[in-house]
Amino acid sequence: VDDFDDILRFEKELKNAGYYYRPHAQTDIDNQLLFACGSFYDGTGDLQTHFIHVVKTNSMDWINYINFRDYLNDDPLAAKEYEDLKLALVRKDSTDNIRKVYTEGKHDFINAVLRKALVRSYLGKTVDIIIDRPYGSAHPKYPDLIYPINYGYLPGVFSGDGKELDIYLLGLNRPVKEYTARIIAIIYRLNDKEDKLVAAPYDLLFDEKEIAEAVSFQEKYFDTKIEVLKR
């Protein structure tokens, strides 16, 4: 939705239909509305059957839901792994805290999928990049490190470190403040909690070796794997 009030004004009707508004049910969904269904919520039993999460269109929560769905649809092995994990968690002997065990047990798997799905969803797409460390500028913490390429981020899209998703921009030998380019590669950091995107003007492509050399000034400190857009 564009505005949560569009849903909250139907709170009474939703409750009459069996969906109860749960504004403080989970601390990690502050930017969502949660409605829950089942006898547990009307006081007649302990059954929880359905949940409705409402998010704002194009918000980070919306992006995560779409990416998670698409990733599992595209990767049957990951979908099966998720299914097996959920079934195993349900079978655990923890009747008093089964919901907590179930939710916390999925956490690491979901985060790992979301991290991969986020960067992969941009491969081949055209994006508007904000350049905060332009060509020829010095690193804000390490002044001896001079950027040989433009380095920026995708505004409003947050990666595993909680900051906006970083992008290397290749193919320009001049500083820019912003630029529209196509994502041509992903740099997976295997020993870090965030990954990077690589962009270039639409008529340019670089192979894995060229990309590795261009970003080595910073990526040499990490164990990385590069996925390149197929020509």
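Model, not experiment: these values are computed from the prediction.
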Self-check item: More than 12 heavy atoms of other groups within 6.0 Å of K106 NZ
Solution: yes

Quiz item: Would a hydrophobic clustering, with Ile, Leu, Val, Met, Phe, Trp and Tyr connected at side-chain separations under 4.5 Å, put I211 with Y135?
Solution: no

Exercise. For side chain to side chain contact (heavy atoms under 4.5 Å, CB included), just list the numbers for N16 and K12, CA-CA rounded to whole Å, side-chain angles, deciding distance to a tenth of an Å, and then say yes or no.
Key: CA-CA 6 Å; N16 289 338; K12 182 178 179 181; 4.0 Å; yes

Quiz item: Does a side-chain heavy-atom distance below 4.5 Å link I167 with L154?
Solution: yes

Exercise. Answer yes or no: is there a donor N or O on one side and an acceptor on the other, between the side chain of K116 and the main chain of A112, under 3.5 Å?
Key: no

Quiz item: Which heavy atom of P148 sits nearest a heavy atom of A214, and at what distance?
Solution: CG-O, 4.5 Å

Quiz item: How long is the span from the OG atom in S39 to the CG atom in L47, to the nearest 0.5 Å?
Solution: 4.5 Å

Quiz prompt | CG on D3 to CG on D6, rounded to 0.5 Å | solution = 5.0 Å

Exercise. Heavy atoms only: give me the nearest P175-P134 pair and the separation to one decimal.
Key: CB-CB, 3.8 Å

Quiz prompt | Non-hydrogen atoms of D223 and N191 that approach each other most closely | solution = N-OD1, 2.9 Å

Quiz prompt | Counterpart residues, side-chain contact (heavy atoms from CB on, under 4.5 Å), relative to I146 (two or more places apart) | solution = A138

Quiz item: Can you tell me how far NZ of K163 sits from CZ of F158, rounded to the nearest 0.5 angstrom?
Solution: 11.5 Å

Exercise. Quick one: pull up CD in E213 and CD in E208 and give me the separation to the nearest 0.5 Å.
Key: 11.0 Å

Quiz item: Is there side-chain contact between I129 and Y153, with heavy atoms separated by less than 4.5 Å?
Solution: no

Quiz prompt | Test item: D207 and V228 side chains (from C-beta on) under 4.5 Å apart, heavy atoms | solution = no

Quiz item: Got a sec, which pairs hit side chain to side chain donor-acceptor pair (under 3.5 Å) with one end in residues 43-52, sequence neighbours left out?
Solution: Y41-Q48, D42-T44

Exercise. Please test L33 against L8 for side chain to side chain contact (heavy atoms under 4.5 Å, CB included), starting from the C-alpha separation and ending with a verdict.
Key: CA-CA 9 Å; L33 301 181; L8 289 174; 4.0 Å; yes

Practice problem: Could you check Y19 against I52 for side chain to side chain contact (heavy atoms under 4.5 Å, CB included), going step by step and ending with a plain yes or no? | Solution: CA-CA 8 Å; Y19 289 90; I52 298 175; 3.7 Å; yes

Quiz item: So do the side chains of R22 and F35 get within less than 4.5 Å of each other, counting heavy atoms only?
Solution: no

Quiz prompt | Cation-pi, Y102 ring and K86 (6.0 angstrom, 45 degrees) | solution = no

Exercise. Not counting sequence neighbours, list each pair that qualifies as a salt bridge (charged side-chain N to carboxylate O under 4.0 Å, His left out) and has a residue in residues 176-197.
Key: R115-D195, D166-K196, R189-D192, R189-E194, R189-E219, E194-K196

Quiz item: What's the shortest heavy-atom distance between A185 and I226, and which atoms?
Solution: CB-CG2, 4.3 Å

Quiz item: Is there a path of hydrophobic side-chain contacts, each under 4.5 Å between heavy atoms of I, L, V, M, F, W or Y residues, that connects F109 with L87?
Solution: no

Quiz prompt | Ring-ring centroid check F40 Y20, cutoff 6.0 Å | solution = no

Quiz item: If Ile, Leu, Val, Met, Phe, Trp and Tyr residues are connected whenever their side-chain heavy atoms lie under 4.5 Å apart, and connections chain through other members, are V1 and L14 in the same group?
Solution: yes

Exercise. Check whether any side-chain heavy atom of L197 lies under 4.5 Å from a side-chain heavy atom of Y168, and answer yes or no.
Key: no

Exercise. Sorted by first residue and then second, give each ring-ring contact (aromatic ring centres under 6.0 Å, His included) pair with at least one member in residues 183-222; sequence neighbours left out.
Key: Y147-F217

Quiz item: Quick one: do L190 and V215 end up in the same hydrophobic cluster if we chain Ile, Leu, Val, Met, Phe, Trp and Tyr together by side-chain heavy atoms under 4.5 Å apart?
Solution: yes

Quiz item: What heavy-atom pair brings I184 and L123 nearest, and what distance separates the two atoms?
Solution: C-CD1, 3.8 Å

Quiz item: What residues form a side-chain hydrogen bond (donor to acceptor under 3.5 Å, both in side chains) with N150, not counting sequence neighbours?
Solution: none

Quiz prompt | P201 side chain near Y179 side chain, heavy-atom distance below 4.5 Å | solution = yes

Practice problem: Look up atom CG in L114 and atom CG in N64, then write down how far apart they are to the nearest 0.5 Å. | Solution: 4.5 Å

Practice problem: Using the test side-chain hydrogen bond (donor to acceptor under 3.5 Å, both in side chains), find all partners of T180 that sit at least two apart in sequence or belong to another chain. | Solution: D128

Exercise. Quick one: closest heavy-atom pair of N67 and S121, and the distance?
Key: OD1-CB, 3.4 Å

Self-check item: Flag side-chain contact, heavy atom, 4.5 Å: L118 against V157
Solution: yes

Self-check item: Within-4.5 Å side-chain heavy-atom neighbours: I183 and V198
Solution: no

Self-check item: Ionic contact status for R9 with D5, cut-off 4.0 Å
Solution: no

Self-check item: Residue pair D61, S59: steps toward the side-chain hydrogen bond (donor to acceptor under 3.5 Å, both in side chains) verdict
Solution: CA-CA 5 Å; D61 292 295; S59 66; 4.5 Å; no

Quiz item: With hydrophobic residues grouped by side-chain heavy-atom distances under 4.5 Å, do V119 and I130 end up in a single group?
Solution: no

Exercise. Please round to the nearest 0.5 Å and tell me the distance separating atom CG of D75 and atom CD of E81.
Key: 9.0 Å

Exercise. Verify side chain to side chain contact (heavy atoms under 4.5 Å, CB included) between Q32 and Y65, making sure each step is shown before the conclusion.
Key: CA-CA 12 Å; Q32 305 180 30; Y65 277 123; 3.0 Å; yes

